[in-house]
Colleague: 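Take a look at this one; I'll ask things after.
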Amino acid sequence: MSVADVTTISLSRRSFLTATSSLLALGAAGSLLPGAVGSAFAADGTKEVLGGSHWGAFWATVEDGRFTKIRPWEGDYHPSEQLPGVQDVIYNAARIKYPMVRRAYLENGPKAERDSRGDGDFVRVTWDQALDLVAGEIKRLEDEEGPWALYAGSYGWRSSGKIGNPQVMLKRMMNMAGGAVTSSSNYSKAALEGIMPYVLGSIDAAGPQTSYQSVVENTELIVFWASDPYKTNQIAFALPDHEEYKWFEDMKKADIKSVFINPVQIESCKSLGGEWVPVRPHSDVALALGLCHVLLTEDLYDKDFINDYTYGFDEFAAYLKGEGWDKVEKTPEWAAELTEVSADDIRALARRLVNGRTMLVSGWSTQRMQYGEQWPWVFVTLAAMVGQVGLPGGGFCQNYHLYSQGSPSSDAPNLAPGLSTGTRQEKKEWPAEKGAKVIPVARIVDMLEGPGKPYEHNGEAHVYPDVKMTYWVGGNPFHHHQDRNRMRKAWKKFETVVVQDFQWTSSARFADIVLPATTTSERDEIEQVGTVSKRAYVAMKKLVDPVFESRTDYAIFSDLAGRLGFGQAFTEGKSELDMVRETYEQAKSTADSQGKVSMPDFDTFWEKGIVEFEIPEKNLRRVKYAEFREDPLMNMLPTPTGKIEIFSKTIEKFGYDDCPPHASWIEPVEWLGMKDKTYPLQLNSNHPDYRMHSQLNATVVRELYAVADREPCVINTQDAAKRGISDGDVVRVFNGRGQILAGAVISDDIRPGVLQVQEGGWYDPLDNADPNTLCKYGDVNVLTIDIGTSRLAQATSAHTCMVDVEKFEGDVPEVDVFTAPAAAE
Ligand SMILES: Nc1nc2c(c(=O)[nH]1)N[C@H]1C(S)=C(S)[C@@H](COP(=O)(O)OP(=O)(O)OC[C@H]3O[C@@H](n4cnc5c(=O)[nH]c(N)nc54)[C@H](O)[C@@H]3O)O[C@H]1N2
Ligand SMILES: Nc1nc2c(c(=O)[nH]1)N[C@H]1C(S)=C(S)[C@@H](COP(=O)(O)OP(=O)(O)OC[C@H]3O[C@@H](n4cnc5c(=O)[nH]c(N)nc54)[C@H](O)[C@@H]3O)O[C@H]1N2
Ligand SMILES: [Mo]
């Protein structure tokens, strides 16, 4: 099947911009025609049903029980080219069809040898056999050991929908069974979430931000720092309508000047006609400090704002002047050496920031690196010195790149989740020596390697628990976690691994028990369009019956709960459709009592497939922190001083040398500025253009980006020439941690010294028995480092990574990760 067969959107590599301008026009009305309904008839007379996904709402053609065609919902301003994958993921060769158990585990249970995990030697079993095994092991561990023996941290980007959140179901089941170890925060922005509460009193990068309209009407200069809104806004948890692409068009029309600080010249920069500042990766804190130094020494910073709205500037100013803890002055020349942006350019940029209305925008890659807490802190500090926080179109935003958070909102309520995790029903006390109940999510391998080992996190001391079993659902740790070879070894600590997914991901391959779940297209769901805009609710009706023996996550967990003796308490007698109805009716009752929007009754909504809401004019010009600016005493920030904390006494008390009490430059263990040149290239493992993490990698969408059948690896022209690498070559990317194959893309859009392999490629080991085996397809996390950002947030440091690349000589092994293991066919 080719991409063209499964879709009515025309696709071509790199057609993103051209294709979408016409689609933009299509969606520009921004609303369905009156009377449009959730099931309609296409021009050729076939029935279409409205569905929803991370990639947007869509019309599905269903013929003879099969989802045969997909086209974007006409309310979508900029349909994602990834949409065809949503259809293909139901039927592709990587679909998990049946419950499967690893042969050694089936024969010997949790004491089975674990070296053959990942070899693909599975045996097909019945649902009863599989669920008895899972329930039996949960019960045994809860009774014989305790909740600390089970790890239910299960992280990942499950599917859109308010009802079928399988991670909530997992925690609900584990809580009813007696509890389990879980995880905190995320891989996305844990360093930011760790530090911002001390600085702003909240995580800031969530919820509505200063509106796009406010930017379009007021901003003169917008700086996109490590932010690629054009790429990353393709997907969302709530159904995206891609409104920010309209924003891009409006910004162009308003002739807003833009600067993109990024080692890569990204599509967003080209599309906006922005200036590219090809900064050296991992040096952004130094660049920001250099800018702060210019604002300080040239007396350009906003002293009133600093006095009235911030705390601790003097300590920071002393640090800039070379009177701080490191006794180094942060001159533009100092910054130029670290960043390879010239001192003159740094001075010029600093002056421009205060020359008119400026919006500073940041993405998250710059905090996904060692000492990642320093980035959001210096970024907010710089914005405070510029002094436009809380002004229309001014200040800073750490989230224009995801969830369309600059969109104006309708007055509709948020749809509430269908299930709750509940609280742990204790069978046993959890004594401190049994370890932490919650670990920082990215420290999983540290936990597996060091049961009982102490660690620090956010001002507290803990020890790692001794976990024996894990159950993963709605996530793919064998792509998302760093340092695959180290992880592969540590994974053997688990005696039992359960993976519930619909695709034979690498995580499923490294499991003992594999449970086939359905996609959202095979169950009833409800979701809102627009995380912030709440522009519509979509009835995501089941489009097709579950394929093969797959079951919905809810059916699987309800069955397990029954086996564990609390089936009724788990389901409260509700079906998925009951919960969809409940969530809708709860929203309707709120809407009715508020009287701002009107909603039809549930049956009418379900029949129509959608209810749309108007965006009131009054909601168009939202300005974040405007109330704080208006009256900093009445509207204090929830920090100890009520102000923006440029210096934090709380963090000072922690005494962490890896997270000083004000934003600081600390040299990372691996980066382009390091002396050791064994691996001379910095690896940029940013988020994929044509995929969401590892999702849809096994679908037809891969045709859009694969090079020589593998994950693309972008190499600067000079770096490629030095190594005799040509476009399309199979290359080997390697360092002391591992090696992968990839397909070369030679480009001047990436600065010299930097290599890009996007995250999410499926891990495909050549020889599972070899501790340093080659990944045949190109899972970038074979190469990345697995250390915490600092003791404060203990977040991932994926971007702290040096590698080298060479043309691959010899027989190129075939990629075979995108089909099910032979026994599972
Ligand atoms: N080097 C590097 N590594 C990174 C990053 C990086 O920038 N660089 N980024 C990190 C970030 S920010 C993130 S968020 C993580 C993402 O890591 P993950 O969220 O783990 O990645 P996904 O590929 O989205 O995995 C989701 C899995 O859930 C399955 N799934 C989807 N819906 C359902 C469902 O309804 N039921 C069930 N049972 N399964 C379902 C999918 O098939 C897929 O296998 O990766 C992190 N890893
Ligand atoms: N298409 C698509 N969209 C997505 C996702 C996806 O997988 N695919 N994932 C979603 C998720 S879960 C998340 S958390 C967000 C992630 O959002 P981000 O973390 O912001 O996304 P990234 O693409 O990792 O990084 C953004 C930009 O930072 C640049 N960059 C990398 N290193 C440096 C550096 O050292 N300095 C500077 N200045 N720039 C640097 C990269 O080249 C990239 O253009 O995206 C979301 N959106
Ligand atoms: Mo993320």
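Just so you know, ligand 1 is whichever comes first in the structure, and atom 1 is the first atom listed for that ligand. In this text, all values refer to a predicted model and were calculated from it rather than measured experimentally.
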Colleague: Give a yes/no on ligand 1: does G474 have at least one heavy atom closer than 4.0 angstrom to it?
Modeller: yes

Colleague: Mark up the atoms of ligand 1 that fall under 4.0 Å of a heavy atom belonging to T505, in ascending order.
Modeller: 44 (O)

Colleague: What atoms of ligand 1 come closer than 4.0 angstrom to any heavy atom of V473?
Modeller: 38 (N)

Colleague: Is Q682 near ligand 2, meaning one of its heavy atoms is under 4.0 Å from it?
Modeller: no

Colleague: Taking heavy atoms and a distance under 4.0 Å, where does A517 meet ligand 1: side chain, backbone, both or neither?
Modeller: side chain

Colleague: Determine the interplanar angle of the F478 and W491 rings, folded into 0 to 90°, and report it as parallel if under 30°, tilted if 30 to 60°, perpendicular if over 60°.
Modeller: perpendicular

Colleague: With a 6.0 Å cut-off on ring centres, are Y77 and F248 close enough?
Modeller: no

Colleague: What is the closest protein heavy atom to atom 2 (C) of ligand 2, and at what distance does it sit?
Modeller: P688 O, 3.3 Å

Colleague: Which is it for N476 and ligand 1 at heavy atoms under 4.0 Å: side chain, backbone, both or neither?
Modeller: both

Colleague: With a distance cut-off below 6.0 Å to the six-membered ring centre and an angular limit of 45° from the axis, does R172 pair with F557 as a cation-pi contact?
Modeller: no

Colleague: If you count the atoms of ligand 2 from 1 in the order shown, which ones are under 4.0 Å from a heavy atom of V279?
Modeller: 38 (N)

Colleague: Show me which atoms of ligand 2 lie under 4.0 Å from any heavy atom of H282.
Modeller: 34 (C), 35 (O)

Colleague: So Y230 and H78, would you call those rings parallel, tilted or perpendicular, with 30° and 60° as cut-offs?
Modeller: perpendicular

Colleague: Where on S188 is there a heavy atom closer than 4.0 Å to ligand 1, on the side chain, on the backbone, on both, or on neither?
Modeller: both

Colleague: Of the backbone atoms (N, CA, C, O) and the side-chain heavy atoms from C-beta on, which set of H479 has a member under 4.0 Å from an atom of ligand 1: side chain, backbone, both, or neither?
Modeller: side chain

Colleague: Please could you name the atoms of ligand 2 that T366 approaches to less than 4.0 Å, counting only its heavy atoms?
Modeller: 34 (C), 36 (N), 37 (C)

Colleague: Under a 4.0 Å heavy-atom limit, does W364 contact ligand 1 with its side chain, its backbone, both, or neither?
Modeller: neither

Colleague: Near H693, which atoms of ligand 1 are under 4.0 Å from a heavy atom of that residue?
Modeller: 13 (C), 14 (S), 16 (C), 21 (O), 22 (P), 23 (O), 24 (O)

Colleague: Out of all atoms in ligand 2, which are within 4.0 Å of some heavy atom of R368? Include the element for each.
Modeller: 14 (S), 16 (C), 19 (O), 24 (O)

Colleague: For ligand 1, indicate whether the residue E759 contacts it via side chain, backbone, both or neither (heavy-atom separation under 4.0 Å).
Modeller: side chain

Colleague: Could you tell me which atoms of ligand 2, counted from 1 in the order shown, lie closer than 4.0 angstrom to a heavy atom of I235?
Modeller: 3 (N), 4 (C), 5 (C), 9 (N), 10 (C), 46 (C), 47 (N)

Colleague: Going by the atom numbers of ligand 1, which of them fall below 4.0 Å from some non-hydrogen atom of Y187?
Modeller: 10 (C), 11 (C), 12 (S), 13 (C), 46 (C)

Colleague: Starting from atom 46 (C) of ligand 2, locate the nearest protein heavy atom and write down its residue, its atom name and how far away it is, to 0.1 Å.
Modeller: L402 CD1, 3.5 Å

Colleague: Can you tell whether the side chains of R751 and E340 come within less than 4.0 Å, N to carboxylate O?
Modeller: yes

Colleague: Identify, for atom 5 (C) of ligand 2, the protein heavy atom at the shortest distance, and state residue, atom and that distance.
Modeller: H687 ND1, 3.5 Å

Colleague: Considering only heavy atoms, which of G475, S53, G164 lies nearest to atom 27 (C) of ligand 1?
Modeller: G475

Colleague: For D786, run the salt bridge (charged side-chain N to carboxylate O under 4.0 Å, His left out) check against R737, R443, R484 and tell me which one passes.
Modeller: R443

Colleague: Under a 4.0 angstrom heavy-atom cut-off, which atoms of ligand 2 come close to P281?
Modeller: 34 (C), 35 (O)

Colleague: Please state which protein non-hydrogen atom is closest to atom 6 (C) of ligand 2 and give its distance, to 0.1 Å?
Modeller: R691 O, 3.6 Å

Colleague: Near D553, which atoms of ligand 1 are under 4.0 Å from a heavy atom of that residue?
Modeller: 34 (C), 35 (O), 36 (N), 37 (C), 38 (N)

Colleague: Once you restrict to heavy atoms under 4.0 Å, what part of H481 touches ligand 1? Side chain, backbone, both or neither.
Modeller: neither

Colleague: Identify, by atom number and element, the atoms of ligand 2 in contact range of G363, meaning under 4.0 Å from any of its heavy atoms.
Modeller: 20 (O)

Colleague: Write out the residue and atom name of the closest protein heavy atom to atom 17 (O) of ligand 2, then the distance separating them to 0.1 Å.
Modeller: H401 CD2, 3.3 Å

Colleague: Relative to the ring of Y763, is the ring of F510 parallel (under 30°), tilted (30 to 60°) or perpendicular (over 60°)?
Modeller: tilted

Colleague: Tell me whether the rings of F237 and W157 are parallel (<30°), tilted (30 to 60°) or perpendicular (>60°).
Modeller: parallel

Colleague: Which protein heavy atom lies closest to atom 26 (C) of ligand 1, and at what distance to 0.1 Å?
Modeller: Q695 NE2, 3.5 Å

